[in-house]
Amino acid sequence: MSLAFDDYGRPYIIVKEQDTKSRVKGLQAQKQNISAARAVANILRTSLGPKGMDKMLQSGDGDVCVTNDGATILEQMEVENQIGKLLVELSRSQDHEIGDGTTGVVVMAGSMLEQAEGLLDRGVHPLRIAEGYEMASKVAVAKLESIAQTFDYANNNYEQLVKTCMTTLSSKIIGRCKKEMAEICVKAVLAVADLDRKDVNMDLIKIESKVGGKLEDTQLINGILLDKEISHPQMAKTIEDARIAILTCPFEPPKPKTKHKVDIDTAEKYADLQQLEQDYFKSMVKQCKDSGANLIICQWGFDDEANHMLMHEQLPAVRWVGGVELELIAIATGGRIVPRFQELTPAKLGKAGKVREVGFGTTKDRMLYIENCHNSRAVTIFVRGGNKMMIDETKRSLHDAICVARNLIRNNKVVYGGGSAEIACSLAVEAAADTIPGVEQYAFRAFADALEAIPIALAENSGLPPIDSLTAVKARQLAENNPYLGIDCLDIGTNDMTKQGVFETLIGKCQQITLATQVVKMILKIDDVIAPNAYA
């Protein structure tokens with residue numbers, strides 16, 4: 001696009017290659033953007049809450065994914081519209097920062113844009129709407145902080161953390177085992193958490209899976225789980241009081257760096273070469289034995305001769321272990337990764353109480369458990385399930401619950417779920433609208449209506465009459481001045497979320513409102529769209 005002037009000095013715009021471009025501007029552009037964003041939000045709307053529906057997504061190569069996780073749905077969908085891509089990024093940023101609430105943040109943004117469309121039709125300037133939304137979001141966040149409650153927890157008293165994780169898992173496919181899964185997630189997070197600094201190193205929590213068994217067989221291992229087996233069938237399968245040599249050097253004779261050619265023309269020369277190789281292997285195995293190691297974990301492979309020698313020396317070994325897993329083993333066992341055999345010393349060995357190989361089912365699948373590690377801060381969650389789809393969805397659900405537990409350790413304030421927080425914020429923003437003198441008060445009221453999209457969607461997805469449920473709870477919140485009343489999605493018989501035990505983290509809810517408002521402001525400020533013409 002470039003600016004030009006005619007003979008009289010009047011400016012006009014030239015769109016380059018305009019026969020292949022389409023241009024939309026002004027109110028029409030804003031309405032088109034809002035329509036695109038609402039289309040994406042409406043897809044996720046039915047997946048919100050404990051009774052939300054799942055989506056089945058098939059990739060180009062035939063892989064099928066069944067999930068109700070907002071970030072995963074939008075990642076797997078091929079969204080081509082640029083405004084739709086903004087909502088995909090919104091969901092992704094919520095997932096990276098908080099880990100939970102990825103569906104709610106998109107539904108909220110879609111609802112804000114829907115309300116803004118009504119104001120645009122009435123002639124309100126988009127910038128005034130954006131400014132009003134920004135002011136209203138600050139009122140809503142302040143209200144959330146005023147109604148938040150603080151949870152106290154300790155290593156031996158983590159019931160409140162479990163309840164909050166159960167709320168996250170209740171909307172997932174693994175909801176029937178939510179108590180057990182929530183306990184596994186909380187124990188994993190507390191095992192690696194630094195409670196003094198209020199920090200959690202998520203890299204120390206590894207999630208491994210194996211198809212087979214049932215969901216209830218999922219377990220937490222205080223150590224590392226490797227999808228590997230001992231390299232020789234006659235080596236010991238259980239090693240007590242293991243001293244582990246962690247190697248990144250291969251059990252092979254050294255190779256020259258340059259191109260080389262070896263001519264062997266007699267049997268004696270071949271025997272000498274074989275003897276030389278044997279000596280190399282003997283030297284390597286001897287260095288491992290002399291260091292005091294009774295288990296070798298190697299990043300590279302080793303040939304049958306080295307394997308045979310290790311077996312004769314009663315030195316069990318594991319080969320082809322990935323770099324990330326090696327680092328985790330080193331952290332957990334307190335060992336050092338050794339790049340050369342000459343550097344192997346007793347001080348560099350990792351220590352573990354027990355290393356054992358475990359077989360599963362009739363398929364002879366084997367995995368290696370490294371338990372009771374010297375520095376037992378690394379843990380593994382071992383997921384079992386009937387098929388790959390179930391396991392993948394379980395992993396995503398556990399990731400969300402782990403993130404919620406981490407957020408509570410960073411900031412142990414919670415608000416109550418079931419739409420109660422949104423209704424309380426909506427009432428607060430509505431009340432604040434009366435104190436705003438300018439046009440922004442219309443934006444305040446629109447923002448308040450937009451917040452009610454979450455409880456309405458929860459009621460719809462639970463098979464309840466949405467408007468009736470919302471107005472009844474809203475009236476009770478006002479009459480009783482109780483901000484903890486929400487939608488009774490599970491039909492328990494009480495709207496009090498404190499009795500139902502439905503919690504959400506304060507930072508997660510604040511982040512939802514802040515992120516949604518920022519994206520809506522960005523979309524409202526766009527008034528000119530120049531894009532390639534689909535029909536060119």
Q. Is the side chain of T164 donor-acceptor paired with the backbone N or O of F503 at a distance under 3.5 Å, no angle test?
A. no

Q.
Is there a side-chain contact between K206 and V379 in this structure, where contact means two heavy atoms from C-beta onward sitting under 4.5 Å apart?
A. no

Q. Between E80 and K85, does a salt bridge (charged side-chain N to carboxylate O under 4.0 Å, His left out) hold up when you go through it step by step?
A. CA-CA 7 Å; E80 290 185 1; K85 284 179 179 172; over 6 Å; no

Q: Just do the side chain to side chain contact (heavy atoms under 4.5 Å, CB included) check on R128 and H125 with the steps written out, would you?
A: CA-CA 5 Å; R128 303 300 291 274; H125 194 279; 3.9 Å; yes

Q. By side-chain contact (heavy atoms from CB on, under 4.5 Å), which residues pair with H96, not counting sequence neighbours?
A. R92

Q | Lys/Arg-Asp/Glu bridge criterion (N-O < 4.0 Å) met for K172, E393 | A | no

Q | Electrostatic pair K143-E145, nearest N-O below 4.0 angstrom | A | no

Q. Is it the case that D100 and Q94 place a side-chain donor and acceptor less than 3.5 Å from each other?
A. no

Q. Thinking salt bridges, do R445 and D434 make one under a 4.0 Å N-O criterion?
A. yes

Q: Could you go through the side chain to side chain contact (heavy atoms under 4.5 Å, CB included) check for D227 and K210 one step at a time?
A: CA-CA 9 Å; D227 195 3; K210 180 71 81 176; 3.4 Å; yes

Q.
Taking the basic N atoms (NZ, or NE/NH1/NH2) and the acidic carboxylate oxygens, is any pair closer than 4.0 Å for D199 and R406?
A. no

(Q) If only side-chain N and O atoms count, and only distance matters, is there a donor-acceptor pair under 3.5 Å linking D69 with T67? (A) no

Q.
So, using side chain to side chain donor-acceptor pair (under 3.5 Å) as the criterion, who are the partners of D392 when residues are at least two apart?
A. K388

**Q.** E430 with K474: basic N within carboxylate O range, under 4.0 Å
**A.** yes

Q.
If I compare all heavy atoms of R396 with all of C65, which pair ends up nearest, and what's the gap?
A. NH2-SG, 3.5 Å

Q) Which word best sums up how the rings of F447 and Y133 line up, parallel for under 30°, tilted for 30 to 60°, or perpendicular for over 60°? A) perpendicular

Q) When you check the gap from the basic side-chain N to the acidic O, do R356 and E371 get nearer than 4.0 Å? A) yes

Q: Indicate whether any N or O donor in one side chain lies under 3.5 Å from an N or O acceptor in the other, for K178 and T167.
A: no

Q. Do you know which of I331, D203, I402, I205 makes side chain to side chain contact (heavy atoms under 4.5 Å, CB included) with V192?
A. I205

(Q) Quick test of your reading of the model: are E504 and K509 salt-bridged, counting only N-O distances below 4.0 Å? (A) yes

(Q) Consider side chain to side chain contact (heavy atoms under 4.5 Å, CB included). Of V88, V105, L515, V519, which one does S93 pass it with? (A) L515

Q. In terms of side-chain heavy atoms, does T494 have a donor or acceptor partner in D496 at a distance below 3.5 Å?
A. no

Q | Donor on one side chain, acceptor on other, Y416 and Q149, under 3.5 Å | A | yes

Q | 4.5 Å side-chain heavy-atom contact, Q32 and S35 | A | no

Q) Shortest non-hydrogen contact from V383 to T218? A) CA-OG1, 3.8 Å

Q) Is a salt bridge present between R45 and E460, judged by a nitrogen-to-oxygen distance below 4.0 Å? A) yes

(Q) Regarding E208 and T380, do their side chains bring together a donor and an acceptor under 3.5 Å, going by distance alone? (A) no

Q: Might you point out which heavy atoms bring I523 and N33 nearest each other, and give the distance in Å?
A: CG2-CB, 3.9 Å

Q. Between L44 and L87, is a side chain to side chain contact (heavy atoms under 4.5 Å, CB included) present by the stated rule, with each step listed?
A. CA-CA 11 Å; L44 294 191; L87 290 192; over 6 Å; no

Q.
Working note: T514 + Q512, criterion side chain to side chain contact (heavy atoms under 4.5 Å, CB included); need CA distance, chi angles, decisive distance, verdict.
A. CA-CA 6 Å; T514 312; Q512 263 189 357; over 6 Å; no

Q) Where is the tightest heavy-atom contact between L48 and N461, given as atom of each residue plus distance? A) O-ND2, 2.8 Å

Q) Are the charged groups of E183 and K179 less than 4.0 angstrom apart, N to O? A) yes

Q.
Between E117 and R38 (salt bridge meaning N to carboxylate O under 4.0 Å), is one present in this structure?
A. yes

Q) Of the options N407, V502, L408, which is the one that meets V414 in a side chain to side chain contact (heavy atoms under 4.5 Å, CB included)? A) L408

